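Quick note: numbers below take in every heavy atom, side chains included, and nothing from hydrogens, waters or symmetry partners. A quick note: this is a predicted structure, and the numbers were derived from the prediction, not measured. Residue indices begin at 1 and follow the sequence shown.
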Amino acid sequence: TGIPRRSRWFTPEPAGWRSSKLAASAQARKPQGLTAQQRERHTRRMSSLRDMGGDVENALERVGVPSYVIDRHGIIRWVNPAARRLVGDVRGRQFTSVVSAEETRRAKEAFARKISGIEKQSDHEVVLVDADGDRVAVEISSVSLYSGDRIVGVFGQVVDVEEGQPPLMHPHLTPRQ
């Protein structure tokens, strides 16, 4: 009971907890959300989509392009049937479980940039582990998923699946490593 319990979310940091150089760089990297004009354009586009009465969710289930949603904690919440054919039913698992070992760090960094709002959209080439445990080189296009002004996750689609020989594990490692 001698140790005070602090919440890392609601307790202000003590003065001087960062150097001025770090504080300045943090301000420069401030997350960039949607501007009022972008929100207005987005609302107009979405309302016209709703006015059509189209069932986008059903369309995403039926489309032949592997698609997924990852929540802000990195847990895969939804994959369409095309994605299930590629990596299996991975709902409820961390997204890093389908990324090859050497790509994990880069994938985590890209995810963090989307969740923080630094990067809204990106295209990356990555090596995934498919349902059979084989390596598959793919290109992924992903965007931050918003609920109002708040980022709630990441939506992505596999743009290109490389056919042929999968890439080597790592050019600098021997089989024992």
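Judged purely by atom type and a 3.5 angstrom limit, Ser100 uses its side chain to pair as donor or acceptor with the backbone of Val127. Side chain of Arg84 to backbone of Val79: a donor-acceptor contact under 3.5 angstrom is found. Within the 3.5 Å criterion, the main-chain N or O of His73 finds a donor-acceptor partner in the side chain of Asp71. Panel note: side chain Arg72, backbone Ile151; a donor-acceptor pair is recorded below 3.5 Å. A side-chain donor-acceptor contact under 3.5 Å links Ser116 to the backbone of Ala112. With hydrogens and angles disregarded, a donor-acceptor distance shorter than 3.5 Å links the side chain of Asn80 to the backbone of Val65.
Rounded to the nearest 0.5 angstrom, Glu139 CD and Glu125 CD are separated by 5.5 Å. Residue Gln94 holds its CD atom at 9.0 Å from CD1 of Ile70, rounded to the nearest 0.5 Å. To the nearest 0.5 Å, atoms OG (Ser144) and NZ (Lys120) are separated by 8.5 Å. For the atom pair CD (Glu119) and CD (Glu109), the distance works out to 11.0 Å, reported to the nearest 0.5 Å.
The shortest distance between side-chain heavy atoms of Leu128 and Val87 falls below 4.5 Å. The closest side-chain heavy-atom distance from Ser142 to Gln121 is not below 4.5 Å. Between Thr96 and Thr104, some side-chain heavy-atom pair lies under the 4.5 Å cut-off.
Looking at every heavy atom in both residues, Ser141 comes nearest to Val159 through CB-CG2, 3.4 Å. A pairwise comparison of heavy atoms in Ala110 and His124 identifies CB-NE2, 3.7 Å as the closest pair. Taking all atoms of both residues into account, the shortest heavy-atom contact from Ala82 to Val63 is CB-O, 4.0 Å. Across all non-hydrogen atoms, the minimal contact from Ile115 to Gly153 is CD1-CA, 3.9 Å. What you find for Val158 and Val138 is that their closest heavy atoms are CG1-CB, 3.7 Å.
A salt bridge links Arg106 to Glu103: at least one charged side-chain nitrogen sits closer than 4.0 Å to a carboxylate oxygen.
By the rule that hydrophobic residues join a cluster once side-chain heavy atoms approach within less than 4.5 Å of another member, Leu145 and Leu60 end up as members of one cluster. A continuous path of hydrophobic side-chain contacts links Val152 to Val69 [ILVMFWY only; heavy atoms under 4.5 Å]. Residues Val126 and Tyr68 share a single hydrophobic cluster, defined by chaining ILVMFWY side chains whose heavy atoms lie under 4.5 Å apart.
A search for ring-ring contact (aromatic ring centres under 6.0 Å, His included) contacts involving Phe111 returns Phe95, not counting sequence neighbours.
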message: If you apply the rule side chain to side chain donor-acceptor pair (under 3.5 Å), what do you find for Ser67 with Gln157, and how did you get there?
response: CA-CA 4 Å; Ser67 305; Gln157 292 188 315; 3.0 Å; yes
message: Go through it in stages, so that I can follow the logic: the residues are Val98 and Val129, the test is side-chain contact (heavy atoms from CB on, under 4.5 Å), and I'd like the CA-CA distance, side-chain angles, deciding distance and then a yes or no.
response: CA-CA 5 Å; Val98 297; Val129 179; 5.7 Å; no
